Amino acid sequence: MEETIARILTELEEINQIPNTQNQTPLISRSTLLDLHSLLSTNDPDLVSQLFDDLPSKSLSPSSLTNFLSFTMDSAPSYSLLASKVYLSLLLSPNSPVFTLFTPISFLSFLRSLRRAFKNCPSAQPEESPPSHAPPNRKRKGGGRVRGARGNVRGSGDCSEEASDTFDMKQVFKVFEMLVSVLGLIHLDRFPDSLKSLVQTFGEIPLMAMEKLGNPSSFNRLMDLCSRVLSEVLRAEHGELANTAAEVLKALSPLILMVKSQARSFALGFVTKRMTELGNESDGVKKAVVNFPRYLAQKAPEKAEPRALAVDSIMEVVKVMDFEDQIGYMDYVLKMTQGKPNLRLLGVDLIAMMLMSLRDPFGVDSDVKTRDYWGTKCLEALITRCLDLSAGIRARALSSLAQVVGFFSSDDRNKGILKQVMGLSEGGEERPQCGMNDLLKNRCMDDKAAVRKAALLLVTKLISLLDGCFDGILLKTVGMACSDPLVSIRKAAISALSEAFRTFSDGSVTTEWLHSVPRLITDNESSIQEECENLFLELVLDRVSRAGLACAPKKGSVLPESYLTTKSLEGELELLFPGGILILLKGICDGEVTPWVKKLCTSLGKKKRLKPKIAAALQNIIKTSESIWLSHSMPIEKWTAPAGAWFLLSEVSVYLSKAVEWEFLHHHWQLLDKPGSKGKLQSPLLQGNANEDGEGVESNSVAWAGDRVFLLQTISNVSMELPAEPAADLAHNLLKRVEKFNMHSTEVNAHVKALRTLCKVKSLNPEEADQLVMRWGQQLLSKAHEILEKYISDDKEANNNNSFFTPPRSGSRKGKQAARASRLLSKTVTAVYTVGSLVVVCPAADVSSIVPLLYTVVTSGNSDPKLNKLPGPKVSLKQTAPSLYIQAWLTLGKICLADGKLAKSYIPLFVQELEKSDCAALRNNLVVMMADFCVRYTALVDCYIARITKCLRDPCELVRRQTFILLSRLLQRDYVKWRGVLFLRFLLCLVDDSEKIRQLADFLFGNILKAKAPLLAYNSFIEAIYVLNDCHAHNGHNDYKNSRTESRLFSIRGNDERSRTKRMRIYVCLLKQMAPEHLLATFAKLCAEILAAASDGMLNIDDITGQSVLQDAFQILACKEIRVSSHRGAASDSAEVEEDGDSSTSAAAAKGRAITQAVRKGLIQNTIPIFIELKRLLENNNSPLTGSLMECLRVLLKDYKNEIDDMLVADKQLQKELIYDIQKYESAKARTTAAEAVAGMQNQGVYRSPPCVPKAATGAHPENKMNQKLSSDSKVASAIADAAAEATARSVLREVNQGVMTPPLKAINMPKLKSNQAGSSAKNDRSLDVLESLRRRIDDEN
């Protein structure tokens, strides 16, 4: 060792003589460091003492040795870790001068060497494997340890050797262990900067080690050593524990707020375990840990995923805190919810997590019962945030509230508290002071998709709290959400409504579900169609199957005979089939629901998802209803099956023919085909109670006829399974029934279709079946011809006998003749309808003899001289027999569908009748026929489309809606093209008087048309402005081919507020369909084709329609929809629903916004000259549109107030005039607004400051909204202050005029002063004159 010490001293002496310059640094060589390390590793006090004793002989000191080691740790990256190890060994050596050797600078060098060691370490390389860039012929010696390379200490430039020597995990572990020992010797309370640097370094090491180390065991050991170092720091010897703990937590906070990783787990574990243990011993550490969640809340990121991780980290810390500290942090979070937006958003997340993570939030297990428990306060704060001004916070609050409700709904005690806090009583009724139902209704109709989706999720979770009562308006709102434009919203609404239907069997819920969900089977989204099928199968078919199979037909009754009524029998059925099955079946047969039920059954049947048990259950329900009816000795001819049972059986039997029993069908056909049921159809209302003879039960003839129709459809569906002989008998009976022509029209179709199907069963081959159908078809046609011809001849004879046809009155001597004529008319109408049904079933039937008679009916009473020569009635049957007249048109249309040559001749006649008919029912039928003609004979009908569109303005709502639906379908299927005036005429449906038509139009333009023809709104926008205003005052837009009457019919003329509002609604709808680039182009086209046209004289602004066009252009340019917002242009709803996106998407969006703003700014710069020229023109003509122009210009330039100077740099005079005009207009508008506000305050009788309202509630009160609106404009606020002061002064002086005197001076308690007797009278006179003058001035102003 003597030689080693000598070598060390010699090199240290040489280093000491080297000047410390920029080019030369006094570094200790590797060999000397190894010698020092071997010397210090012996722990021999004598050798260490000898080293320090010999230092002065070489003109050295212990501090010099420390400085050399500092230089080496900083400037020798290849072996800085070795130098660090030597430095720590030197401090730990026996008899070493620790306080001399330890300096802040050397300690900082040591910490820098640790950082450098981790930074230079190869990424994720196992410590046993060589680096990937090492030469293949070079091997590491001794596992990469420095001692194995002692012979090459001077060759430190090799990269592989440098990598291996720089970062050896065993050396790192040794250094960390030695550092723990050093911290036990040296107290850092005298070196606060060194302590802070140490804490920061060990806060960074876990992250650097996680990136570099791939061995989990090495990382875990390293984290254990880091924990030991930080624990050693948290000792009283190193300073105030509160400050030290705060520094440690501050250093660990970046790790805690990062994504899930090993480093984050280490930091959280150290805080929640080690520091919590230390906090039990030290109040300072405990205080730091308690305040740490608040610090994390301030540092939490704003993006969704990092914020969620921050919330998880905060909750991990809060969980280990004492209950009192948790309550304190809860109060802090409640204050956060009233702060800045980012804090409110984080507070909402924290409240939800605290409610679901901490123990007993509502105090249900506490002995002390209090209403204001901490969980109740949190829940109320969460509900308040659902009304936040920020859409993101509203959405997050609703989602969090939904999570909380779902979490606590399983516990009855917590469930009761939830209902109390949310304003729901035990019966599910709303308390007036809470308004949860109103909140949900408003949020379900929110402008933002994320809020609507979260509100629907909350509705889904709240269903379990309602206990069988669902608010009707809220139910309608959720049903409307099923038609939302966004797919995700529709899915959420379906889920909410289906959960309500699954939970409640209430009639209103069932009705709303049936009217909202099944119709989505035609949705464009395939996933929604599948969900609709699954829900219908689960909630309708499976439910009916379970109820029907669970109950067998009963022969007894639980009700005494004396209480028998129809309602009581229905109640008994409801007892047998609980769960609202009868209500469900009745709702299925609703006219608005049946089309969708048919499509659902067809779709499920084609996919083979219909099970035989549903057919068996429906048969069982019908049998049970019949047996209960018979058990009370009620007349069977007055019995009807539960509404909807036969209808559903007829739909499912198409795919379940083997599951329907022929005996069941045969039995009920015999019941429903009784002669007593052939009377006139009666009202379906049931009146009175049943007496002993059963006469009190009134037969429901409409339901009876409907059951016959559905039964016949069922028989047709299962006819292939019927025996041949019963099928032949049934066909014969059906033909006999049809030949009598005494059935209702709904029964005729069913009988004819069933006949055709049964003929196929009887026949051996298709040819024989066609011949059989043709045979009985011609038989029916001949009989129908006879009846129709007889009626026409009788009518002609009656017309010849009487110049005016007057129907005979009942009770007169012609009563029998009138009754016979009525029966003949009814039979004739049925015969004509039967002909139409027969033509549909058998298009090849010969109707040549029928067509002339039908033509005679539809042209009867025509004023055309050519038609008067034809045989037939001279008086129109339209007045004498309107039902026959309508049926004749309907049958003629069916014949034309089967005969193309006939259609070519008769289609113009249909169009003519459509235009001139005054019967809404006939116009409706004609529109349907024209739509069918358009599909069959597209080329023939195409030229009449513009005339058909006139029905969009029909006075009857049904005709308008039918026309809209049919034309929309034709447009979607490309039978009709969006060209000409068709699109412009469809626009008026957006502002139709009917709400249903408006909803359909919104869906067409917002969903279907936006996807099918995205450029249509952009291409037709300018033309729509002229057409809607009926403007022909433009040289380029006056070539309309339409008549003046049609132009007025499809326009919204007028400059009144109602007309402008309607037109603006259409414009806004079109703007919403445009992409951002089309919005910019539309802006340019408006300026070029309307504003520039007006300034150039092409648009006549003296014409009232031209003024309306120009004013509409100003309003459009100033509306917010034409501005390109940051969220426009997203094709899918995910971009709108998601709160945050990734960084790349955000960067792209920011770039797009920048480009859009630049383009928009350029557009405005180019259009300012047009505005200036137009302004001069309007001012010269004293036009009232000047105000609209200034308002538009003010809105356009409000975002570019600082750039006005640059935009008008070429003409300073125009710039000053424009700025002056805008300021003058704003000041005038501010004064007007202020006058209105002050007038309102005077009406209330108060002049006071607005009440101090919490920020959370500013959106809930109209008065607060008004105050907020007024205070947002400084000019308006100033004008209000001036007006209020002036009004106050007038009020005071008015009181003076009314005789209210000022108290005399002697009545005031104040010191008396000597007065000037000489000039007192003059001064009093002068004061009176001043007051009199002031009174006169006020009186003049008033």
Side-chain angles (χ1 to χ4, degrees), residues 1-18 25-76 78-107 109-110 113-114 117 141-143 145-154 156 165 168 170-187 232:
M1 287 297 176
E2 295 292 339
E3 296 178 358
T4 302
I5 293 174
R7 288 199 303 273
I8 293 172
L9 293 175
T10 302
E11 181 166 345
L12 291 177
E13 184 180 11
E14 294 175 357
I15 294 173
N16 192 33
Q17 295 175 359
I18 299 175
T25 303
L27 301 179
I28 302 177
S29 64
R30 182 190 298 271
S31 59
T32 303
L33 289 174
L34 292 174
D35 290 338
L36 273 170
H37 184 265
S38 61
L39 175 65
L40 297 174
S41 298
T42 59
N43 289 327
D44 189 350
D46 298 332
L47 293 176
V48 175
S49 299
Q50 181 180 354
L51 175 63
F52 286 109
D53 292 342
D54 293 344
L55 286 176
S57 62
K58 302 295 183 180
S59 300
L60 298 171
S61 65
S63 59
S64 301
L65 178 59
T66 303
N67 292 336
F68 295 155
L69 288 172
S70 298
F71 291 143
T72 304
M73 287 185 287
D74 284 334
S75 304
S78 58
Y79 49 90
S80 62
L81 197 59
L82 177 61
S84 301
K85 190 175 181 181
V86 171
Y87 173 70
L88 295 178
S89 299
L90 194 63
L91 293 175
L92 293 173
S93 61
N95 299 330
S96 62
V98 175
F99 293 103
T100 303
L101 294 174
F102 182 85
T103 61
I105 295 177
S106 60
F107 192 70
S109 299
F110 162 72
S113 69
L114 289 181
K141 299 181 181 180
R145 288 175 293 181
V146 178
R147 292 187 183 277
R150 184 175 178 114
N152 297 324
V153 292
R154 296 296 178 184
S156 59
D165 291 342
D168 185 1
K170 294 182 179 180
Q171 288 192 28
V172 173
F173 295 156
K174 183 64 176 176
V175 168
F176 278 41
E177 291 173 354
M178 295 171 66
L179 179 60
V180 174
S181 302
V182 168
L183 291 176
L185 294 176
I186 301 173
H187 300 164
E232 192 66 29

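Keep in mind that what you see is a predicted model, and the values were worked out from it rather than measured. Heavy atoms only: backbone and side chains are in, while hydrogens, waters and symmetry mates are out.
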Peer 1: Determine whether a donor-acceptor pair (N or O, by modelled atom type, separation under 3.5 Å) exists between the side chain of Thr72 and the backbone of Ala83.
Peer 2: no
Peer 1: Provide the closest heavy-atom pair for Lys85 versus Met178 in the form atom of the first, atom of the second, distance.
Peer 2: O-CE, 3.4 Å
Peer 1: Write down the atom of Val86, the atom of Leu33, and the distance for their closest heavy-atom approach.
Peer 2: CG2-O, 3.5 Å
Peer 1: In Å and rounded to the nearest 0.5 Å, what is the CZ to CG distance from Phe176 to Leu88?
Peer 2: 10.5 Å
Peer 1: Any non-hydrogen side-chain atom of Leu36 less than 4.5 Å from a side-chain atom of Leu51?
Peer 2: yes
Peer 1: Below 4.5 Å, heavy atoms only, C-beta onward: do Leu114 and Leu81 meet side chain to side chain?
Peer 2: yes
Peer 1: Measure the spacing between CD1 of Ile5 and OG1 of Thr10 and express it to the nearest 0.5 Å.
Peer 2: 11.5 Å
Peer 1: Taking all atoms of both residues into account, what is the closest heavy-atom pair of Leu27 and Ile15, and its distance?
Peer 2: O-CD1, 3.2 Å
Peer 1: What residues form a side chain to side chain contact (heavy atoms under 4.5 Å, CB included) with Ser84, not counting sequence neighbours?
Peer 2: Met73, Phe110, Ser113
Peer 1: Got a sec, which pairs hit salt bridge (Lys or Arg N to Asp or Glu O under 4.0 Å) with one end in residues 92-106, sequence neighbours left out?
Peer 2: none
Peer 1: Between the side chain of Ser93 and the main-chain N/O of Leu40, is any donor-acceptor distance below 3.5 Å?
Peer 2: no
Peer 1: Report yes or no: does Thr66 contribute a side-chain atom to a donor-acceptor pair with the main-chain N or O of Pro62 at less than 3.5 Å?
Peer 2: yes
Peer 1: Name all pairs fulfilling the salt bridge (Lys or Arg N to Asp or Glu O under 4.0 Å) condition that reach into residues 64-74, sequence neighbours left out, sorted by first residue then second.
Peer 2: Asp74-Arg112
Peer 1: Do the non-hydrogen side-chain atoms of Ile28 and Leu12 ever get within less than 4.5 Å of each other?
Peer 2: yes
Peer 1: Using the side-chain hydrogen bond (donor to acceptor under 3.5 Å, both in side chains) criterion, which residues pair with Thr100? Sequence neighbours excluded.
Peer 2: none
Peer 1: Answer yes or no: does atom CD1 of Ile105 have more than 12 heavy-atom neighbours from other residues, nucleotides or ligands under 6.0 Å?
Peer 2: no
Peer 1: State which residues pass ring-ring contact (aromatic ring centres under 6.0 Å, His included) with Phe68; sequence neighbours excluded, sorted by chain then number.
Peer 2: none
Peer 1: So which pairs with a foot in residues 88-104 pass salt bridge (Lys or Arg N to Asp or Glu O under 4.0 Å), sequence neighbours left out?
Peer 2: none
Peer 1: How would you list, by chain and number, every residue that makes a salt bridge (Lys or Arg N to Asp or Glu O under 4.0 Å) with Lys174, sequence neighbours excluded?
Peer 2: none
Peer 1: Could you work out, with salt bridge (Lys or Arg N to Asp or Glu O under 4.0 Å) as the rule, every residue matching Glu14, not counting sequence neighbours?
Peer 2: none
Peer 1: So, using ring-ring contact (aromatic ring centres under 6.0 Å, His included) as the criterion, who are the partners of Tyr87 when residues are at least two apart?
Peer 2: none
Peer 1: Shortest non-hydrogen contact from Val180 to Glu232?
Peer 2: O-CG, 4.0 Å
Peer 1: I'd like to check the side-chain hydrogen bond (donor to acceptor under 3.5 Å, both in side chains) partners of Thr103; sequence neighbours left out, ordered by chain and number.
Peer 2: Ser106
Peer 1: Enumerate the residue pairs fulfilling side-chain hydrogen bond (donor to acceptor under 3.5 Å, both in side chains) with a member in residues 49-61, sequence neighbours excluded, ordered by first and then second residue.
Peer 2: Glu2-Gln50, Ser61-Ser63, Ser61-Ser64
